[in-house]
Protein chains: 2
Amino acid sequence: MAPKRNEPDLSFLLDHTSHILRTQMSAALAEIGLTARMHCVLVHALEEERTQAQLAELGDMDKTTMVVTVDALEAAGLAERRPSSRDRRARIIAVTEEGARIAGQSQEIVDRVHREALTSLPEPDRATLLQALNQLTEGHLATPAESPRPARRARQ
Amino acid sequence: MAPKRNEPDLSFLLDHTSHILRTQMSAALAEIGLTARMHCVLVHALEEERTQAQLAELGDMDKTTMVVTVDALEAAGLAERRPSSRDRRARIIAVTEEGARIAGQSQEIVDRVHREALTSLPEPDRATLLQALNQLTEGHLATPAESPRPARRARQ
DNA sequence: TATTGTTATACTCTATAACTATA
DNA sequence: TATAGTTATAGAGTATAACAATA
């Protein structure tokens, strides 16, 4: 049987919920001067010594996007670039004391926004939702379809 | 209890699944020369006589984005702009015969991509997932938080 | 005065390419 | 030769502003 039209479908539901959640998360983090990327880098950099490339990989960012993000963290006094002792090409992102404090706050904000979003769900459905999304992520929605993107021209 | 770190959270899961599904949908629709927006406009325009503004509202697009989308549909011979008999400012988007045929195909593609995505889920979880997402959409994830965007300067 | 659709374009975001220093 | 990080900028996507026609 064909699905009824005008009924929210999976695409709409995922697009809508992820978009709204993202705006709420951005707004909440903005109150302490962070973007979601800055939060992501702070948290991962706190866990252990990591280079920009490693942090970019973890946060699924381009290395050039990471440059901008680390610039912002440095400007805010939350992190510092330090030369790696192992590889003089690489830079370790060291979180400052203030950065660690802010990271604690931002993690609380992230958790709170998630909690608040899920409050409209009955208890048992929350676990099922997260589990189902996890399964999709590992199943047919693991890898992106490639879009035939035109290559960019060389710089003049 | 604080959530364990490095565990996929709601933000990651929604972002990831919606992004992957979107790439798959784009790739699948591209095979018949459509974008998701073109499909969306075609389907809604087929249901009843609708103006660009109404279609923009339904598809959550800016009116200027709608202009581009309708241009593409016209160029592909799938739809035509016709003056509204009620309001001479407005234009009805009329789907051509070929457009209706393509809309049928694109709807099949959309349904197939959704079906395929959900195959990794056990039967009972599918309904729960869709229901839970629906509830989020109507609950705390109904309306976007507003981001303080700087106003754009006037044209020179 | 407000609204529909159009055009032009400003702005954001992201990624590519080229580069330097190092491996 | 390959990789880490930087810089500059191209390109896509989108929205704002201004406009003409009409309400």
Side-chain angles (χ1 to χ4, degrees), chain A residues 15 18-19 22-23 26 30 35-38 40-41 45 49-75 79-94 144 146-156, chain B residues 15 18-19 22-23 25-27 30 35-38 40-41 45 49-75 79-94 144 146-156:
Chain A
D15 279 354
S18 68
H19 173 245
R22 186 196 297 268
T23 67
S26 295
T35 63
R37 288 209 177 101
M38 289 164 78
C40 179
V41 169
E49 284 214 345
R50 284 181 165 137
T51 66
Q52 287 189 201
Q54 291 170 330
L55 292 167
E57 167 75 17
L58 282 167
D60 194 33
M61 304 176 217
D62 191 85
K63 60 179 181 175
T64 60
T65 305
M66 178 58 61
V67 170
V68 178
T69 306
V70 175
D71 285 350
L73 288 173
E74 278 202 322
E80 291 168 10
R81 288 171 166 99
R82 293 196 187 150
S84 165
S85 49
R86 296 177 188 170
D87 184 338
R88 281 189 294 171
R89 292 171 304 180
R91 314 221 176 171
I92 300 295
I93 302 308
E146 34 209 301
S147 65
R149 286 248 208 89
R152 197 174 296 183
R153 283 195 319 244
R155 213 189 317 186
Q156 316 288 7
Chain B
D15 278 355
S18 69
H19 173 245
R22 186 195 296 268
T23 67
M25 194 62 80
S26 295
T35 62
R37 288 211 177 100
M38 288 163 79
C40 178
V41 169
E49 283 214 346
R50 283 181 166 138
T51 66
Q52 287 189 201
Q54 290 170 331
L55 291 166
E57 167 76 17
L58 282 167
D60 195 32
M61 304 175 217
D62 191 85
K63 60 179 180 174
T64 60
T65 305
M66 179 57 62
V67 170
V68 177
T69 305
V70 174
D71 284 350
L73 287 173
E74 277 202 321
E80 291 168 9
R81 288 172 166 99
R82 291 194 188 153
S84 164
S85 49
R86 296 178 189 168
D87 185 338
R88 281 188 294 169
R89 293 170 303 179
R91 311 216 176 176
I92 300 296
I93 302 307
E146 35 209 297
S147 66
R149 287 247 208 90
R152 195 174 295 183
R153 282 196 319 244
R155 207 184 330 183
Q156 314 289 11

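Keep in mind it's a predicted model, so treat the numbers as computed, not measured. We name chains A, B, ... by the order of the sequence lines, and we start the count at 1 in each one.
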From CG of A/L58 over to C1' of D/dA4, roughly how many Å is that when rounded to an integer? 16 Å
Taking CG from A/D87 and P from D/dA2, how many angstroms apart are they, rounded to a whole number? 17 Å
My understanding is that only residues two or more places apart in sequence, or in another chain, count here; which of them pass side chain to side chain contact (heavy atoms under 4.5 Å, CB included) with B/T64? B/D62
Identify, with sequence neighbours excluded, every residue that meets side chain to side chain contact (heavy atoms under 4.5 Å, CB included) alongside B/R22. A/D15, B/S26
Of A/P83, A/S85, A/S84, which is the lone residue that meets side chain to side chain contact (heavy atoms under 4.5 Å, CB included) with A/I92? A/S84
Hey, can you pull the residues of residues 64-71 of chain A with a non-hydrogen atom under 4.0 angstrom from DNA chain D? A/T64, A/V67
Between C/dG5 atom P and B/L73 atom CG, what is the distance in whole Å? 15 Å
Ignoring backbone atoms, establish whether B/Q52 has a side-chain N or O less than 4.0 Å from OP1 or OP2 of C/dT6. yes
Is the base of D/dT22 touched by the side chain of B/R88 through a donor-acceptor pair closer than 3.5 angstrom? no
Let me know the distance between CG of B/L55 and P of C/dG5, rounded to the nearest Å. 9 Å
Nearest whole Å is fine: how far is C/dT3 C1' from B/R91 CZ? 14 Å
For the helix from C/dT1-D/dA23 to C/dA23-D/dT1, measure the angle between the helix axis at one end and the axis at the other, each built from five pairs, rounding to 10°. 10°
A/K63 vs A/R37, nearer the 5' end of DNA chain C by closest nucleotide: A/R37
B/M38 CE to D/dG13 P, straight-line distance once rounded to whole Å: 13 Å
Would you please name every residue forming a salt bridge (charged side-chain N to carboxylate O under 4.0 Å, His left out) with B/E74, sequence neighbours left out? B/R81
Select base, sugar-phosphate, or nothing to describe what A/S84 touches, counting heavy atoms under 4.0 Å on all strands. nothing
If I take atom CE from residue A/M66 and atom CZ from residue A/R91, how far apart are they, to the nearest 0.5 angstrom? 14.0 Å
How long is the straight-line distance from NZ of A/K63 back to OG1 of A/T51, given to the nearest 0.5 Å? 12.0 Å
So how far is it from A/D87 CG to A/R89 CZ, rounded to the nearest 0.5 Å? 4.5 Å
Atom CG of A/D62 and atom P of C/dC13 are separated, to the nearest Å, by 15 Å
Quick one, B/I93 and B/Q52 - any side-chain contact, counting heavy atoms below 4.5 Å? yes
Once side chain to side chain contact (heavy atoms under 4.5 Å, CB included) is applied, do any residues pair with A/P144, and if so which ones, sequence neighbours excluded? B/I20, B/T23
OP1, OP2 of D/dA4 versus side-chain N and O of A/R81: anything below 4.0 Å? no
Separation of C/dT4 atom C1' from B/R82 atom CZ, nearest Å, is 19 Å
